[in-house]
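In what follows, residues are counted from 1 in the order of the sequence shown. Both backbone and side-chain heavy atoms feed into the values below; hydrogens, waters and symmetry mates do not.
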Amino acid sequence: MSAYKLTLFAGAAALAVALAGCGKKDDAAETSAADTQPPVAEETVIANPDAALLEMAAAHAAEVLKAAPEFATILGVSEEIAGEGYNARLGKYGFAASDEARHMNERFLQDIRGLDRDALGTQARITYDVLRDAYETGARRNQFEFGGATPWGSASPYVITQLTGAHLFLPRLLQTQQPLATKADAEAYLARLAEFGRVFDEVIESLGGDAALGVVPPYFAINGAVGSIKGFTSSEPGANPLATTFAAKLGEIEELSEDERNALNQRAVEAVDTVVYPAYARLAAALENLTEQAGREAGVWRLGDVGAEFYQHALDAYGAGGRTGDDIHALGLSEVARITAEMEAIFQAEGVTGGSVAERFEAIGARADMRYPNTDEGRAALLASLKGQVEAVMAVAPHWFGTIPKQSIEVRRIPVYEQNSAPGGYYTSPALDGSRGGVYWINLKDTADWPKHTLKTLTYHEAVPGHHFQISLEQSASLPLIRNMLGYSEFSEGWALYAEQVAAEMGMYEDDPLGNLSRLQSELFRAARLVVDSGLHHKHWTREQSIDYMQSVTGDTRASVTREIERYAVWPGQATSYKLGMLKINELRKKAEAELGDSFDIRKFHDEILMTGSMPLPVLEKKIDGWVAAKKSE
C-alpha cells in the first residue's frame with residue numbers, strides 16, 4: 001500500500017525532530033531588500049499571489065530537506081534544494097532538534113497566515129488549504145511535549161517502537177535508497193555510518209526526556225525494538241548488512257581500483273564494529289531500562305489526561321472531523337454489523353451455513369477449487385488472472401473516470417529472494433520522468449495464501465482503480481515539491497478502499513458472489529479497525545481484549561491479528577483513516593448527487609477527487625463543495 005509520506009518522514013527523523021540546524025531567515029537582509037524596492041515591486045507581488053505562494057512553499061520544502069537530509073535522499077532532490085553533500089549527512093534527533101522543528105512550524109504557520117487566500121487562483125487555493133491544515137495540525141501536535149516536535153502534521157507519541165525509529169530506518173535508508181555509484185557516493189555512505197553514534201545518543205536523549213514526563217512505549221514495543229536491535233547486531237561486523245550491501249555495490253563502481261575497494265570495505269567494517277554496534281548496544285540498554293516503567297497497558301489512555309487529549313488530536317489528524325472516541329467506536333460497531341449482514345446474505349444465497357462469518361469465509365478459501373497449484377504453472381495462471389482483472393477495469397474505466405492515467409501498470413511477482421520478508425501485495429508508483437510505469441506486486445511464495453475469490457479485491461485496491469489511478473493522476477498534477485512531501489492515509493487509503501466499491505459498481509463482481517464476499521471482508525477488516533483503535537486508546541481495552549475482538553470478527557490468525565493490534569497501539573488513530581476516508585468520499589458523492597441531480601457526472605466527480613493530489617479530508621470537502629456550487633451556477 002502506498003506509504004504515508006509525512007509519517008515516514010517523522011519516523012525517519014525521530015518523529016520529525018531531525019530538524020535542528022535549520023537557519024532562520026536573515027531578517028536584516030530581508031528588511032533591507034524590502035526597503036530598496038520601488039513601489040511597483042510591491043504591487044507585482046500583490047498582483048501575483050499564486051507565485052508568492054509557490055515561492056513560500058518552495059522555501060519551506062527546502063528548509064525541511066536541509067534539516068532532514070535523510071528525507072532528501074528518499075526524494076532524490078538536487079543539492080541546490082537540499083544543500084551540498086546532503087547524502088553524507090544525517091539530521092539531528094535530540095532536544096535541540098525538537099526545538100527547531102517547533103520553531104520551524106511556528107514560522108511556516110506565520111508565513112501562510114500572511115497570505116491572502118481570497119486573492120489566489122483555484123489550484124493555488126487548494127495548496128494553500130493543504131499547507132495551512134498541515135501546519136495547524138503540526139502546531140496542535142507540538143503542544144504535546146513528548147514524541148518529538150514536527151514542522152507539519154502529526155506522528156506517533158513514541159520516539160522508538162517495534163515498527164519505527166532510527167534503529168530501523170537508517171539501515172533501510174543506507175541499504176535501499178542511499179546513492180552508491182561513485183567514489184564520492186562511497187565516502188558519503190561512510191560519513192553517514194560515522195554519524196550513527198551521535199544520532200543514537202540523541203535518540204537516547206529524547207527517550208529519556210519522554211520517560212521523565214512519564215511517556216514510554218508499551219512493553220511489547222520495547223521488547224520488539226530490543227529484539228530487532230539484537231538481531232541486527234548478532235553477526236560479525238563484516239557480515240552485517242550495512243557492510244555487505246556496501247561491498248556488493250562497490251563491486252559495481254568501475255572507477256575504483258581493487259585496492260581502493262578493499263580500503264573502503266575495511267573502513268565500513270571498522271565503522272560497523274566501532275561506531276554502529278556500540279550505538280545499538282547503548283540504545284538497547286536504554287530501552288531495557290524503561291521496561292518496568294512501561295507497564296502492561298497498550299493504549300495511549302495510560303498517559304492520563306494528556307493521553308486522552310492526544311488521542312482526540314490523533315483522530316482529528318486522521319480524518320475524524322471532531323468525532324470523539326465514543327463516536328468512532330459506535331461508527332465501527334455499526335459498520336461491522338452492516339457489513340456482516342451483507343456477507344451473511346451472500347453466504348445464505350450460496351448455501352454456506354454453520355459457523356461464524358469469519359469461519360465460513362476461511363472455509364471457502366480452503367476449498368480445493370479456490371486454490372491455484374503451488375507450482376510454476378499455478379503461479380503463471382494466477383498472474384494471468386490478475387492481468388485479466390486489470391484489463392477488465394481499464395476497458396470500462398472511461399465510463400467512470402474523465403481522466404485515465406497515462407502511466408502503464410504492470411503485474412509482477414515479488415522476487416523470490418524478497419518473498420520471505422515481503423508483504424502479500426503492494427503497489428510501487430511510476431517514475432516521475434515517465435521512464436517507468438506503476439507496478440502491482442504480489443507475493444507468490446505460497447499460492448495457498450491467495451484463494452481465487454480474494455484476488456480481485458487486492459487488484460482493485462492496489463492497482464486499478466485504486467492506488468495506480470490515485471498516485472499516477474497525482475503525479476500528472478504538477479504539484480509543488482512540498483505537496484509531494486506530504487501524504488494523507490485518509491485520502492490515499494480511503495480512495496483505495498472506495499475503489500473496491502467502485503469496482504463492484506463497474507460490474508467487476510457480476511456473477512461472482514464469492515469475489516464480492518471478499519470485497520466485503522476487506523471492508524469489514526477496516527471497519528473492525530475503528531472498533532479496536534478506539535477500544536485500545538479510548539475505551540481502555542487491553543491488548544488481549546483487542547486481539548480477541550479483531551480475530552472473532554475477521555477470522556485472521558492470532559499471530560497476524562496480534563501484529564495488527566500492536567501496530568495500532570503505537571500509532572494512535574492511524575488505523576481509523578482507511579474507513580474514515582472511504583466514508584467521507586461516499587458522503588461527498590451522495591451530497592453531490594443529491595444537489596446536482598441529473599447533471600451529476602461520476603467521471604467528473606472522480607476527476608475532482610483525484611486530479612489535485614492527496615489532501616486532508618476537510619480540504620477535500622471544501623474542494624468538492626466548491627465544485628458542486630460552481631456546477632449549480634452554470
- Item | Full working for ring-ring contact (aromatic ring centres under 6.0 Å, His included) between F310 and F146 | CA-CA 10 Å; F310 184 89; F146 49 82; 5.7 Å; yes
- So, T459 and Q389: side-chain donor and acceptor under 3.5 Å apart, yes or no? yes
- Item | Side chain proximity check, L580 to I328, heavy atoms < 4.5 angstrom | yes
- Item | Side-chain touch Y440/L458, heavy atoms, less than 4.5 angstrom | yes
- Between atom CD of E587 and atom CD of E621, what is the distance when rounded to the nearest 0.5 Å? 5.5 Å
- Item | Within 6.0 Å of CZ in R117, more than 12 heavy atoms from elsewhere | yes
- Task: Look up atom OG in S435 and atom CD in Q407, then write down how far apart they are to the nearest 0.5 Å.
- Result: 11.0 Å
- How close do D210 and G147 get, heavy atom to heavy atom, and via which atoms? OD2-N, 3.0 Å
- In sequence, state the C-alpha distance, the side-chain angles, and the governing distance for L65 and Y86, and then conclude on side-chain contact (heavy atoms from CB on, under 4.5 Å). CA-CA 9 Å; L65 293 173; Y86 71 80; over 6 Å; no
- Message: Is it the case that the side chains of R526 and S522 hold a donor-acceptor pair, with the cut-off being a distance below 3.5 Å and no angle test?
- Response: yes
- Parallel, tilted or perpendicular: which fits the ring planes of W495 and H606, with parallel below 30° and perpendicular above 60°? perpendicular
- Task: Report yes if some heavy atom in the side chain of E474 is under 4.5 Å from a heavy atom in the side chain of L610; otherwise report no.
- Result: no
- Heavy atoms from other residues, nucleotides or ligands near CD of E505 exceed 12 (cutoff 6.0 Å): yes
- Item | Those residues that, when tested against A496, pass side chain to side chain contact (heavy atoms under 4.5 Å, CB included) (two or more places apart) | H461, H467, E493
- Query: So, S492 versus S489: side-chain donor-acceptor pair below 3.5 Å or not?
  - Reply: no
- Query: Are side-chain N/O atoms of D316 and Y311 paired as donor and acceptor at under 3.5 Å?
  - Reply: no
- Message: Quick check: do E608 and R603 have side-chain heavy atoms less than 4.5 Å from each other?
- Response: no
- Message: Is there a side-chain contact between E136 and R140 in this structure, where contact means two heavy atoms from C-beta onward sitting under 4.5 Å apart?
- Response: yes
- Query: Which atom names give the shortest non-hydrogen contact between A119 and D50, and what distance separates them?
  - Reply: O-OD1, 4.4 Å
- Query: Is the closest basic N to carboxylate O distance between E202 and R198 below 4.0 Å?
  - Reply: yes
- Item | E55 atom CD, over 12 foreign heavy atoms within 6.0 Å | no
- Message: Whether the E79 and N87 side chains hold a donor-acceptor pair (N or O, under 3.5 Å, no angle test) is what I'd like checked.
- Response: no
- Message: Looking at Y189 and P179, would you say the former's side chain and the latter's main chain have a donor-acceptor pair under 3.5 Å?
- Response: no
- Item | From OH (Y568) to OG1 (T576), nearest 0.5 Å | 10.5 Å
- Residue pair E595, K632: steps toward the side-chain contact (heavy atoms from CB on, under 4.5 Å) verdict: CA-CA 8 Å; E595 294 197 25; K632 290 172 70 175; 3.2 Å; yes
- Message: So Q143 and H313, do their side chains get closer than 4.5 Å, heavy atoms only?
- Response: no
- Query: Which is it for K591 and D625 under the salt bridge (Lys or Arg N to Asp or Glu O under 4.0 Å) test, yes or no, and what are the steps along the way?
  - Reply: CA-CA 9 Å; K591 182 178 179 181; D625 285 348; 3.1 Å; yes
- Query: Could you state the interatomic distance from CG (L180) to CD1 (I253), rounded to the nearest 0.5 Å?
  - Reply: 4.5 Å
- Message: Can you tell me how the ring of H60 sits relative to the ring of F108, calling it parallel under 30°, perpendicular over 60° and tilted otherwise?
- Response: parallel
- Any side-chain heavy atom of W152 sitting closer than 4.5 Å to one from L486? yes
- Query: Under the side-chain contact (heavy atoms from CB on, under 4.5 Å) criterion, do R589 and Y498 qualify, and how do the steps go?
  - Reply: CA-CA 11 Å; R589 175 175 163 180; Y498 169 79; 2.9 Å; yes
- How long is the span from the CD atom in Q312 to the NE2 atom in H537, to the nearest 0.5 Å? 13.0 Å
- Message: Ignoring hydrogens and geometry beyond distance, is a side-chain donor-acceptor pair present between R483 and T127 at under 3.5 Å?
- Response: yes
- Presence of salt bridge, E195 and R192, under 4.0 angstrom: no
- Message: Any donor-acceptor pair under 3.5 Å linking the side-chain atoms of W441 with those of T428?
- Response: yes
- Task: Indicate the atoms forming the closest heavy-atom contact of A149 with S98, along with that distance.
- Result: N-OG, 2.9 Å
- Message: For the NZ atom on K249, are there more than 12 heavy atoms of other groups (residues, nucleotides or ligands in this structure) within a distance under 6.0 Å?
- Response: yes
- Query: CG/L174 to OG1/T73 distance, rounded to the nearest 0.5 angstrom?
  - Reply: 8.5 Å
- Task: Could you check whether the rings of W627 and F600 sit parallel, tilted or perpendicular, using 30° and 60° as the cut-offs?
- Result: perpendicular
- Would you call V570 and Q162 a side-chain contact if the rule is heavy atoms closer than 4.5 Å? yes
- Task: Heavy atoms only: give me the nearest A592-F605 pair and the separation to one decimal.
- Result: CB-CD1, 4.5 Å
- Task: Check the side chains of Q574 and R567 for a donor-acceptor pair under 3.5 angstrom, ignoring hydrogens and angles.
- Result: yes
